[in-house]
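As the structure lists them, so they are numbered: ligands from 1, and atoms in each ligand from 1. The basis for the numbers below is simple: all heavy atoms, side chains too, and nothing from hydrogens, waters or symmetry mates.
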Amino acid sequence: MAKKEVVAMLLAGGQGKRLKGLTKSLAKPAVYFGGTYRIIDFPLSNCSNSGIDTVGVLTQYEPLVLHSYIGIGSDWDLDRKNGGVYVLPPHEREDGSNWYRGTADAIYRNLNFIEQFDPEHVLILSGDHIYKMDYEKMLQYHKEKDADCTISVIDVPLEEASRFGLLNTHDDYRIYEFEEKPPEPKSTLASMGIYLFKWDVLKRFLIQDAQQASTSYDFGKDIIPLLLENEKSLYAYPFEGYWKDVGTIRSLWESNMDLLDEDTPFNLNDPDWRIYTRNPNQPAQYISPSAKVRSCIISEGSVVHGEVNHSVLFYGIEVGENSSVTDSVIMPKVKIGQNVRIHKAIIAEGLVIPDGVHLSSGPEDESDILLVDQEELERQLLEGMTSKA
Ligand code: ADP
């Protein structure tokens, strides 16, 4: 294998429990976003656009869809003879270990994969974030600082801070403190889960960590604190731009809604930074004479007879006559009958919503987003029948 300056390792194996029904049989990075994408399109396109052509994708939970979606990487221009995309599921080893026990373990178990490219640096990415980022600029910064590890950071609101790894830096951005998801946040400078390491340093500490009895094999909980304890040089790389961790139903909904503003904070129509995806090969959408459509993303193969306001419709959707969809995200291949009302909801892939059904988060909690999967739909239908009886 030819030597590479950087190899990217994309962590895509988490279960994504907080996305409930959306990740029942789907890995979180394969969840749909923005009318035509899946979440993993963002880090893969960022790699491609940043000139990083060697990417290992660590899968584990429900990998089937993800594996066939990634294929040989041609949709992201990552099908290379020299480098390219490699899907790396866990495999049984001599010592009997099987599943990846954590994010650091996933990388540790693939040391040989990385080693064959003899890289200077390894870029660790996560498969559940929506953002556009030039990793090449981060690499320049990492090299200028001569850092052992550079962590991409963003300022987050204090009330959300305890969801993240938080850090404190000196004026020159050198990190002196890091805490993974502290219940009482002392800082609002959050790790974006994007790390650049000198490969020889990372390798040494992954091996050291794996020998400790008490480790949880996690970058945030174990590897970063271990580097700090050993006085390695860690720097924060302040990222300015749109970045969203879409790990919850609410944040996934919000991030989809962000695309609908006329002056969206996240422009996907940027010829200099295309986000690539696999084309579903559907016919063009059809908006019938009875339809009313405002402030929407409507994808290929959709047929709209009813009213759609401020919503994201993926491909192959039908909206029947006299139905209305407002402030909602409709995943692919959903069939909505007639006289249906949908408000502030995410409707899971492939559902058939019968005529006359009303779906919205209860009036008692207006701020809630309703996730409708098969189970929730059946519950609502049953409730509708009992309230009518
Ligand atoms: P978060 O709290 O933001 O989910 P984690 O550190 O748990 O952060 O996970 C970071 C990323 O690593 C996520 O994209 C997740 O899907 C992925 N991941 C978590 N555990 C594993 C694993 N055992 N193997 C591969 N990827 C994983």
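Defined by atom type and a distance below 3.5 Å, a donor-acceptor pair is present between the side-chain atoms of Asn309 and Glu307.
Note: an N/O pair closer than 3.5 Å links Asp128 and ligand 1 by distance alone. Between Arg18 and ligand 1, no pair of N/O atoms sits closer than 3.5 Å. Polar contact with ligand 1: absent for Lys28 (N/O pair, distance under 3.5 Å).
Under a hydrophobic clustering in which Ile, Leu, Val, Met, Phe, Trp and Tyr are joined whenever their side-chain heavy atoms come within less than 4.5 Å, directly or via other members, Tyr131 and Tyr37 fall into different clusters.
Shown in contact with Gln60 at under 4.0 Å from a heavy atom are these atoms of ligand 1, numbered in order with element: 23 (N). Atom numbering of ligand 1 starts at 1 in the shown order; those under 4.0 Å from a heavy atom of Gly127 are 14 (O).
Among all protein heavy atoms, the one lying closest to atom 26 (N) of ligand 1 is Gly13 N, 3.0 Å. Ranking protein heavy atoms by distance to atom 12 (O) of ligand 1, first place goes to Leu11 CB, 3.2 Å. Remark: minimum distance from atom 9 (O) of ligand 1 to any protein heavy atom is reached at Thr103 CG2, 3.8 Å. Scanning all protein heavy atoms for the shortest distance to atom 16 (O) of ligand 1 gives Gly14 N, 2.8 Å. Looking only at protein heavy atoms, the nearest one to atom 8 (O) of ligand 1 is Lys181 NZ, 4.1 Å. Remark: minimum distance from atom 3 (O) of ligand 1 to any protein heavy atom is reached at Asp245 OD2, 4.1 Å.
The backbone of Ala12, and not its side chain, has at least one atom closer than 4.0 Å to an atom of ligand 1 (non-hydrogen atoms only; backbone = N, CA, C, O). Using a 4.0 Å cut-off between heavy atoms, Asp218 contacts ligand 1 through its side chain alone, with no backbone atom that close.
The ring pair (Phe, Tyr, Trp, His ring centres under 6.0 Å) test with Phe219 is passed by exactly one of Phe178, Tyr108, Phe197: Phe197. Under the salt bridge (charged side-chain N to carboxylate O under 4.0 Å, His left out) test applied with Asp146, the options Lys198, Arg174, Lys232 reduce to a single match, Lys198.
If you look at Tyr32 and Phe314, their ring centroids are closer than 6.0 Å.
The cationic atom of Arg38 (NZ for Lys, CZ for Arg) lies less than 6.0 Å from the six-membered ring centre of Tyr69 and within 45° of the ring axis. Lys132 forms a cation-pi arrangement with Phe266, by the criterion of a distance under 6.0 Å to the ring centre and an angle within 45° of the ring axis. Note that Arg109 lies outside the cation-pi zone of Tyr100, set by a 6.0 Å cut-off to the ring centre and a 45° limit from the axis.
Shown here is Tyr173, whose OH atom has no more than 12 heavy atoms of other residues, nucleotides or ligands within 6.0 Å.
The residue among Trp99, Tyr100, Phe219, Tyr217 with a heavy atom at the shortest distance from atom 23 (N) of ligand 1 is Tyr100.
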* Asked: Hey, mind stepping through Asn168 and Tyr176 against side-chain contact (heavy atoms from CB on, under 4.5 Å) and telling me if it holds?
  -> CA-CA 6 Å; Asn168 276 307; Tyr176 63 86; 3.6 Å; yes

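Shown here, atom 18 (N) of ligand 1 is in close reach of the protein: a heavy atom of it lies under 4.0 Å off.
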